[in-house]
Chemist: 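Can you keep this structure in mind? I'll have questions shortly.
Worth knowing before you read on, the calculation uses all heavy atoms, side chains too, and leaves out hydrogens, waters and symmetry mates. As the structure lists them, so they are numbered: ligands from 1, and atoms in each ligand from 1.
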Amino acid sequence: MPPLEDIMVIAERGLRVSVTILATYLVAVWIATIWWTFRDIRARSGDVWLQVTATLLVAVFNFPGLLIYFILRPQQTLAQSYVESLEEEAWRRSVGDANACPACGQLVEPDFLFCPACQARLRRVCARCERPVLLSWKLCPYCGSMTGSAAPAAPVTPHVP
Ligand SMILES: [Zn+2]
Ligand SMILES: [Zn+2]
């Protein structure tokens with residue numbers, strides 16, 4: 001049976017080691033959350049003030065701060081927004097080239113001869129097959145008649161009231 005003093009010393013040593021481990025663990029978690037928040041907000045916003053504010057919020061309040069950050073952070077990362085804007089741009093370009101009036105940008109049907117908004121001439125009717133063809137086309141793509149050389153393409157001019 002060891003003396004009581006020895007038991008006290010062992011217990012105190014054990015307690016000190018546990019407290020040190022716990023403190024180290026909490027500090028590691030604290031630093032990890034701050035680092036994670038800093039990287040997350042940098043991926044979501046280029047605003048330096050927002051980055052500093054979000055990181056400080058988590059540094060000071062930690063888990064409650066992290067909760068607030070989750071609620072308030074921008075929904076999309078910058079990479080996602082970039083991809084989305086590229087897709088939107090590509091979509092607008094593919095649709096816009098085919099279906100927009102070159103004079104005013106109004107969406108028009110592919111067989112419209114005139115723009116309903118600005119009255120610009122968009123297409124003419126093929127003399128042979130009577131299908132709408134673009135003014136710039138040299139020949140009718142439907143029947144192959146050389147309508148372009150016979151009737152020179154009139155420039156697209158918006159109607160001024
Ligand atoms: Zn137009
Ligand atoms: Zn034709």
Side-chain angles (χ1 to χ4, degrees), residues 22-161:
L22 187 69
T24 311
Y25 169 73
L26 287 178
V27 168
V29 168
W30 182 64
I31 290 172
T33 51
I34 294 170
W35 178 241
W36 181 87
T37 307
F38 178 65
R39 289 186 47 173
D40 190 69
I41 190 66
R42 283 232 315 183
R44 284 168 200 277
S45 173
D47 187 346
V48 177
W49 283 110
L50 195 64
Q51 291 172 1
V52 171
T53 309
T55 311
L56 276 180
L57 182 77
V58 175
V60 174
F61 296 106
N62 209 248
F63 282 113
L66 199 62
L67 197 68
I68 295 169
Y69 172 69
F70 270 129
I71 296 167
L72 296 181
R73 74 176 177 176
Q75 290 296 310
Q76 282 187 326
T77 64
L78 293 177
Q80 284 170 337
S81 311
Y82 179 64
V83 167
E84 213 151 89
S85 71
L86 278 188
E87 281 170 358
E88 199 183 296
E89 178 74 26
W91 179 83
R92 199 142 28 89
R93 203 170 292 168
S94 67
V95 171
D97 275 352
N99 292 336
C101 165
C104 71
Q106 161 81 27
L107 285 181
V108 290
E109 293 297 320
D111 57 349
F112 279 9
L113 298 182
F114 295 90
C115 171
C118 72
Q119 302 174 28
R121 189 173 182 104
L122 302 171
R123 287 171 175 79
R124 61 197 156 73
V125 175
C126 170
R128 200 153 103 192
C129 70
E130 296 192 334
R131 294 175 93 157
V133 291
L134 279 180
L135 298 174
S136 56
W137 290 346
K138 294 275 191 294
L139 88 174
C140 170
Y142 301 105
C143 71
S145 77
M146 300 288 284
T147 48
S149 52
V156 177
T157 45
H159 174 81
V160 182

Chemist: Looking only at atom types and distance, does a side-chain atom of Thr53 sit under 3.5 Å from a main-chain N or O of Trp49, one as donor and one as acceptor?
Modeler: yes
Chemist: Vertex the Zn ion (ligand 1): angle to SG of Cys104 and SG of Cys101, to 10°?
Modeler: 110°
Chemist: Is a side-chain donor or acceptor of Arg123 paired with a backbone partner of Pro110 at a separation under 3.5 angstrom?
Modeler: yes
Chemist: Can you tell me, to 10 degrees, how wide the angle at the Zn ion (ligand 2) is between SG on Cys140 and SG on Cys129?
Modeler: 110°
Chemist: I need the Leu26 CG to Ile31 CD1 distance, nearest 0.5 Å.
Modeler: 11.5 Å
Chemist: Rounded to the nearest 10 degrees, what's the angle SG of Cys126 makes with SG of Cys143 at the Zn ion (ligand 2)? Could you check?
Modeler: 110°
Chemist: What angle sits at the Zn ion (ligand 1) between SG of Cys118 and SG of Cys115, to 10°?
Modeler: 110°
Chemist: Does Tyr142 use its side chain to pair, donor to acceptor, with the backbone of Val133 at less than 3.5 Å?
Modeler: no
